Amino acid sequence: MTKYLRRKILKFFVYAVIVFASYVIQSTPGLFEFQGISPMLVLPACICLAVYEGEFAGGLFGFFAGLFCDSAAETVFGFNALFYMVFCAAAGLFAIYYFRRSNMNVMLICLGALFLSSVLEFFFVFVLYGYEGLSGFFYLEVAPQIVYSSLFSLPYCLLFRWLHRTFEPEEARE
């Protein structure tokens with residue numbers, strides 16, 4: 001096994017540990033909860049990973065992280081896996097072809113992905129079944145969760161940028 005391959009295996013193992021730890025923290029009741037609102041930590045972690053590692057690794061990690069989230073969610077199994085995979089692959093492609101990898105751009109992509117994910121879940125879980133009082137629920141529960149979750153995108157951005165630079169070989173660094 002070459003040194004490059006060992007370094008790549010170690011890098012993706014560390015990424016998997018971070019994503020799994022984010023899932024555990026996200027699904028632990030009361031941890032990082034603020035006024036009854038708990039953050040979504042897995043999606044910003046996977047988006048930041050996709051920005052620095054590309055669309056294939058991002059899509060793969062997004063799919064498996066979405067499966068983790070599906071195991072604890074009240075949606076159809078595979079719902080989060082499908083959308084996380086698409087969001088992460090798109091974030092990786094946007095990072096390659098359309099924008100610089102600055103902290104602000106990564107945070108905006110995380111905010112957009114969190115917004116789209118939450119709105120799609122809100123639509124498919126609540127709106128289609130015609131529940132009453134949905135506007136109040138959206139403004140009092142869903143929107144604050146999006147904003148609170150987006151605050152965690154900066155630490156993830158800094159962490160994944162540092163890990164990407166640390167594990168890249170010296171001749172391939174930007």
Side-chain angles (χ1 to χ4, degrees), residues 11-12 14-28 31-70 72-73 75 78-125 138-168 174:
K11 174 174 65 171
F12 284 109
V14 169
Y15 287 164
V17 167
I18 291 170
V19 170
F20 183 71
S22 298
Y23 167 72
V24 169
I25 291 169
Q26 171 182 311
S27 60
T28 303
L31 194 60
F32 289 123
E33 196 170 291
F34 180 70
Q35 295 186 358
I37 299 170
S38 58
M40 295 186 294
L41 299 175
V42 175
L43 185 57
C46 290
I47 293 291
C48 291
L49 184 146
V51 165
Y52 290 107
E53 292 301 325
E55 75 283 353
F56 181 74
L60 200 60
F61 269 91
F63 177 75
F64 287 111
L67 287 178
F68 281 145
C69 293
D70 281 332
T75 60
F79 181 84
N80 288 318
L82 176 69
F83 286 116
Y84 284 18
M85 180 182 68
V86 169
F87 292 149
C88 291
L93 288 170
F94 277 124
I96 292 170
Y97 295 113
Y98 291 114
F99 67 82
R100 292 183 323 121
R101 293 177 179 146
S102 68
N103 293 338
M104 184 58 74
N105 287 339
V106 176
M107 289 172 57
L108 288 173
I109 291 294
C110 285
L111 178 65
L114 286 165
F115 179 76
L116 283 173
S117 173
S118 297
V119 166
L120 286 171
E121 185 174 350
F122 177 75
F123 180 76
F124 285 116
V125 173
F138 185 82
Y139 290 119
L140 295 175
E141 297 289 329
V142 177
Q145 184 182 30
I146 294 168
V147 173
Y148 184 44
S149 300
S150 68
L151 297 176
F152 289 92
S153 61
L154 180 62
Y156 279 126
C157 176
L158 296 173
L159 174 67
F160 281 105
R161 175 184 283 176
W162 178 77
L163 286 172
H164 178 72
R165 287 183 179 166
T166 301
F167 283 111
E168 281 297 307
E174 296 175 1

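A quick note: this is a predicted structure, and the numbers were derived from the prediction, not measured. Residue numbers start at 1 and run along the sequence shown.
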S.K.: Evaluate whether atom CZ of Phe20 has more than 12 neighbouring non-hydrogen atoms of other residues, nucleotides or ligands under 6.0 angstrom away.
M.R.: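 Result for CZ/Phe20: open.
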S.K.: Using every non-hydrogen atom in the two residues, find where Ser150 and Leu111 come nearest and quote the distance to one decimal.
M.R.: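 That closest heavy-atom pairing would be CB-CD1, 3.8 Å.
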S.K.: Look at the side chain of Asn105 and the backbone N and O of Phe99, then say whether any donor-acceptor pair between them is shorter than 3.5 Å.
M.R.: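 Absent.
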S.K.: Pair Trp162, Thr166 - check side chain to side chain contact (heavy atoms under 4.5 Å, CB included), show working.
M.R.: CA-CA 6 Å; Trp162 178 77; Thr166 301; 3.5 Å; yes
S.K.: Apply side chain to side chain contact (heavy atoms under 4.5 Å, CB included) to residues Phe79 and Val125 and explain how you reach the verdict.
M.R.: CA-CA 11 Å; Phe79 181 84; Val125 173; 5.8 Å; no
S.K.: Measuring from Phe63:CZ to Asp70:CG, what's the distance to the nearest 0.5 Å?
M.R.: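 It is 9.0 Å, given to the nearest 0.5 Å.
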S.K.: Looking only at non-hydrogen atoms, find the nearest pair between Tyr84 and Ala65 and report the distance.
M.R.: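 In terms of heavy atoms, the two residues are closest at CD2-C, 4.2 Å.
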S.K.: If you round to the nearest 0.5 Å, how far is CG of Leu108 from CZ of Phe115?
M.R.: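 CG of Leu108 is found 13.5 Å from CZ of Phe115.
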S.K.: Please round to the nearest 0.5 Å and tell me the distance separating atom CG of Leu67 and atom SG of Cys69.
M.R.: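 Answer for the CG-SG pair, Leu67 versus Cys69, is 9.5 Å.
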S.K.: Assess the pair Tyr15 and Phe160: is the distance between their ring centroids shorter than 6.0 Å?
M.R.: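 For Tyr15 and Phe160, the ring centres are under 6.0 Å apart.
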S.K.: Nearest 0.5 Å, please: how far is CG in Leu60 from CZ in Phe12?
M.R.: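 Going from the CZ atom of Phe12 to the CG atom of Leu60 covers 9.0 Å.
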S.K.: So Val119 and Val142, side chain to side chain contact (heavy atoms under 4.5 Å, CB included) or not? Walk me through it.
M.R.: CA-CA 8 Å; Val119 166; Val142 177; 5.9 Å; no
S.K.: Are any side-chain N or O atoms of Ser149 and backbone N or O atoms of Pro39, one a donor and one an acceptor, separated by less than 3.5 Å?
M.R.: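 Not a single qualifying donor-acceptor pair exists.
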S.K.: Looking at Arg101, Arg161, His164, which one forms a side-chain hydrogen bond (donor to acceptor under 3.5 Å, both in side chains) with Tyr52?
M.R.: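 Exactly one candidate clears the test, Arg161.
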S.K.: How far apart are the closest heavy atoms of Val51 and Ala91, and which atoms are they?
M.R.: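 It is CG2-O, 4.2 Å.
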S.K.: For residues Leu41 and Tyr23, determine if any side-chain heavy atom of one lies less than 4.5 Å from a side-chain heavy atom of the other.
M.R.: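 With C-beta onward as the side chain, the pair stays apart.
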S.K.: Strictly by modelled atom types, are Ser38 and Tyr148 linked by a side-chain donor-acceptor pair under 3.5 Å?
M.R.: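 The criterion, which ignores hydrogens and geometry beyond distance, is not satisfied for Tyr148 and Ser38.
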S.K.: Under 3.5 Å, side chain of Asn103 to main-chain N/O of Leu158, donor-acceptor pair present?
M.R.: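 Absent.
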S.K.: When rounded to the nearest 0.5 angstrom, what is the spacing between CG in Leu43 and CG in Leu116?
M.R.: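 Going from the CG atom of Leu43 to the CG atom of Leu116 covers 9.5 Å.
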S.K.: Locate the shortest heavy-atom distance separating Glu53 from Ala57; write the atom from each residue and the value.
M.R.: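 Closest heavy-atom pair between Glu53 and Ala57: CB-CB, 4.0 Å.
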S.K.: Any donor and acceptor pair, going by atom type alone, linking the side chain of Ser117 with main-chain N or O of Leu114 inside 3.5 Å?
M.R.: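 Here the side-chain-to-backbone pair does not exist.
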S.K.: Roughly how far, to the nearest 0.5 Å, is the CE atom of Met107 from the CE atom of Met104?
M.R.: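 Separation between the atoms: 5.5 Å.
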S.K.: Within a strict 4.5 Å, meaning less than it, do heavy atoms of the Cys88 and Ile47 side chains meet?
M.R.: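 SC-SC contact between Cys88 and Ile47 confirmed.
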S.K.: How about Val14 and Phe167: do any of their side-chain heavy atoms sit closer than 4.5 Å?
M.R.: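 Yes - at least one pair of side-chain heavy atoms lies under 4.5 Å apart.
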S.K.: So, the side chain of Gln26 versus the backbone of Met40: is there a donor-acceptor pair under 3.5 Å, distance only?
M.R.: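 No, because the side chain of Gln26 does not come within donor-acceptor range (under 3.5 Å) of the backbone of Met40.
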S.K.: Would you please test Val19 and Cys46 for side chain to side chain contact (heavy atoms under 4.5 Å, CB included) and show each step?
M.R.: CA-CA 7 Å; Val19 170; Cys46 290; 4.1 Å; yes
S.K.: Counting the benzene-type ring for Trp, do Phe138 and Phe122 have ring centres under 6.0 Å apart?
M.R.: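 Yes: the rings meet the under 6.0 Å criterion.
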S.K.: Below 6.0 angstrom between ring centroids: does that apply to Phe152 and Phe32?
M.R.: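 Ring centres of Phe32 and Phe152 closer than 6.0 Å.
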S.K.: So which heavy atom on Val42 is nearest to which on Ser22, and how close?
M.R.: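 Distance-wise, the nearest heavy atoms are CG2-C, 3.9 Å.
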